[in-house]
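Notes follow once the structure below has been shown.
Just follow the structure's listing: the first ligand is 1, and inside any ligand the first atom is 1. Any value given below was found using the heavy atoms of this structure, including those in side chains, with hydrogens, waters and symmetry copies removed.
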Amino acid sequence: MSDSGDFLHKTHVVLFPSAGMGHLTPFLRLAALLVSQNHCPLTLTLITTHPTVSLAESSLITRFLSAFPDRVTELDFHLLPLDPSTAKSTDPFFVRFEAIRRSAYLLTPLLSSLSPPPSAIIFDISLISPVILAVESLPFHLPAYVLVTTSARMLSLFASYHKLASSLTELTDDGVLEIPGISPPISKSSIPPLLLNPNSFFSSLFLDDGPKLKNLNGILINSFEELEAEALGALNGGKVTTADGLPPIFSVGPFVPCEFEKLQGDVGDGDRLKRWLDEQPDGSVVYVSFGSRTALSTKQIGEVGEGLVRSGVRFLWVVKEKLVDREEEDEGNLIKVKGTGVVVRRWVEQGEILGHKAVGGFVSHCGWNSVVEAVWNGVRVLAWPLNGDQKVNAEVVVRSGVGIWDKTWGWGGGDRIVVKGQMIADKIRELMESEDPRVEAERVGVEAKRATGAGGGREKMFKQLIENWKKQH
Ligand code: UDP
Ligand code: UDP
């Protein structure tokens, strides 16, 4: 892009996602929404770190950049080497979070040399303290925003953690964490396990970064009023007093799959899946997936298979055995039919599946993007949270009425509980047969469309943000 006084293209926003599809995808969806704002043409710089942790990330970045060649420039950020043995976590995605944090001070000269000068930077919630430092060292003022890739409910915990961490240890296992304005309170058993371990990477990240939220110019979140009215209201209205005063929260969700995400040609065997779905009765299929980075144990996979077959419900099940897709074995037979369903061992276009009229239910780990995509499509959810923020998100699923959750299933993985096939079968039947979640999911789906339509919540938020960014000039 030229910088020769092209007035229209002067508003220039820098986006800096962190590692993992659960973080990258919402950033790129936000980017696509920003460049399609026709009342103010924006240009974007996307900061990436290569090689990406997963193959899915590099493939998505390539598709995104080729969809917007004139409006988006990639800035490849070279990280300092990080010896994984000195990292606080062994999870490769969290090791990358840490590597980015340690290298973030190198951003200052890069941001200084951008042309035209940036009007704002929006970065991942996992990068707050170090990116704020880099931005404050610039020779000019650069408004700084984060994009929250989890629920507003989880954000309330993030914002309050530094004040509540000491009282967490005193809570009994069936206790609840009182955050003013957040009702019902978050159960101790829903708190991400890493936040209960004071030595974990996440505890220190939350302790360091929670108090810095107030230094930001705003917080963007992939949620919307009708899904999380209470939490958003409490955060924006200053009720979450444990949070030290927050900047304005812009609920710009729900983010939904975009054109650029489509896999090219038949790589995804997408056509085969689509043909199979086309043959199933409306609302009859349950889609089963635990997101981009959650592998079930072999034992648990066996029980899920058993449960699906026993349920008698038609199913489309994405099986994942490794945390990082690079390690997944290249299986010749990627799609196979089993009883009343289909088993897939590869990346699928989840948005297309959830939007298909044959799909009526979703067994989900409650990664926040998955929850939002289900809600958008009016698909009810059987919550099966397995790690991280997923139980807090499952609380949102239940609270909003769009799904059900059996809390006795506990956290997944490792040597923890293996949920038996019969229990899974019973719950799947309950999900598909009960009336309430079906009706509520449809209702919230309609609200989701309203939030993103003309005159809806998102339009107002974007107008406000873009006005603020224009003032920079
Ligand atoms: N996803 C997909 N196909 C897959 C697996 C995941 O399209 O085979 C997408 C899903 O639609 C969502 C994202 O990857 O947008 C996963 O994010 P989420 O927050 O749901 O969970 P995470 O993967 O971070 O645990
Ligand atoms: N998390 C968060 N802020 C961060 C990074 C992570 O709130 O800066 C939370 C996240 O919501 C979850 C936990 O930390 O509770 C584990 O990380 P994460 O969920 O990001 O992993 P992923 O979504 O990629 O599976």
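Of the polar atoms of Glu349, none of the N or O atoms is found under 3.5 Å from an N or O of ligand 1, judged by distance alone. Considering backbone and side-chain N/O of Val348, one or more are found under 3.5 Å from N/O of ligand 1. Looking at Gln350 next to ligand 1, an N or O pair under 3.5 Å apart turns up. Checking only distances, Asn369 does come within under 3.5 Å of ligand 1, N or O to N or O. For ligand 1, the polar-atom distance check finds no N/O of Thr294 at less than 3.5 Å from any of the ligand's N/O atoms. Between His365 and ligand 1, an N or O atom pair is found at a separation short of 3.5 Å.
The contact set between ligand 1 and Gly291, taken as ligand atoms under 4.0 Å from a residue heavy atom, comprises 23 (O). Taking every heavy atom of Gly22 and a limit of under 4.0 angstrom, the matching atoms of ligand 1 come to 17 (O), 24 (O). Within the listing of ligand 1, atoms 15 (O) sit less than 4.0 angstrom from a heavy atom of Arg29.
Closest approach of Lys320 to Ile301, counting heavy atoms only: O-CD1, 4.1 Å. Heavy-atom minimum distance, Gly360 versus Arg380: O-NH1, 2.8 Å. Annotation for Leu44 and Leu34: closest pair CD2-CD1, 4.4 Å, computed over non-hydrogen atoms.
Here the side chain of Arg458 pairs a donor or acceptor atom with the backbone of Val252 at under 3.5 angstrom.
Distance check, rounded to the nearest 0.5 Å: CZ of Arg101 to CZ of Phe201 gives 5.5 Å.
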Which pairs would a plain distance check flag for residues 217-224, meaning a side-chain donor or acceptor within less than 3.5 Å of a matching protein atom at least two apart in sequence or in another chain?
residue	atom	partner	partner atom	Å
Asn217	OD1	Ala144	N	3.0
Asn222	OD1	Phe255	N	2.8
Ser223	OG	Glu228	OE1	2.7

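In Arg345, neither the side chain nor the backbone holds a heavy atom less than 4.0 Å from any atom of ligand 1. Using a 4.0 Å cut-off between heavy atoms, His23 makes no contact with ligand 1 at all. At a heavy-atom cutoff of 4.0 Å, ligand 1 is contacted by the backbone of Trp368 but not by its side chain. Under 4.0 Å from ligand 1, not a single heavy atom of Glu261 appears.
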Worked check of ring-ring contact (aromatic ring centres under 6.0 Å, His included) between Phe68 and Phe64: CA-CA 7 Å; Phe68 302 103; Phe64 171 76; 5.4 Å; yes

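Under the 6.0 Å distance and 45° angle rule, Arg293 counts as a cation-pi partner of Phe94.
Every residue meeting the salt bridge (charged side-chain N to carboxylate O under 4.0 Å, His left out) condition with Asp426, not counting sequence neighbours, appears here in chain and number order: Arg429.
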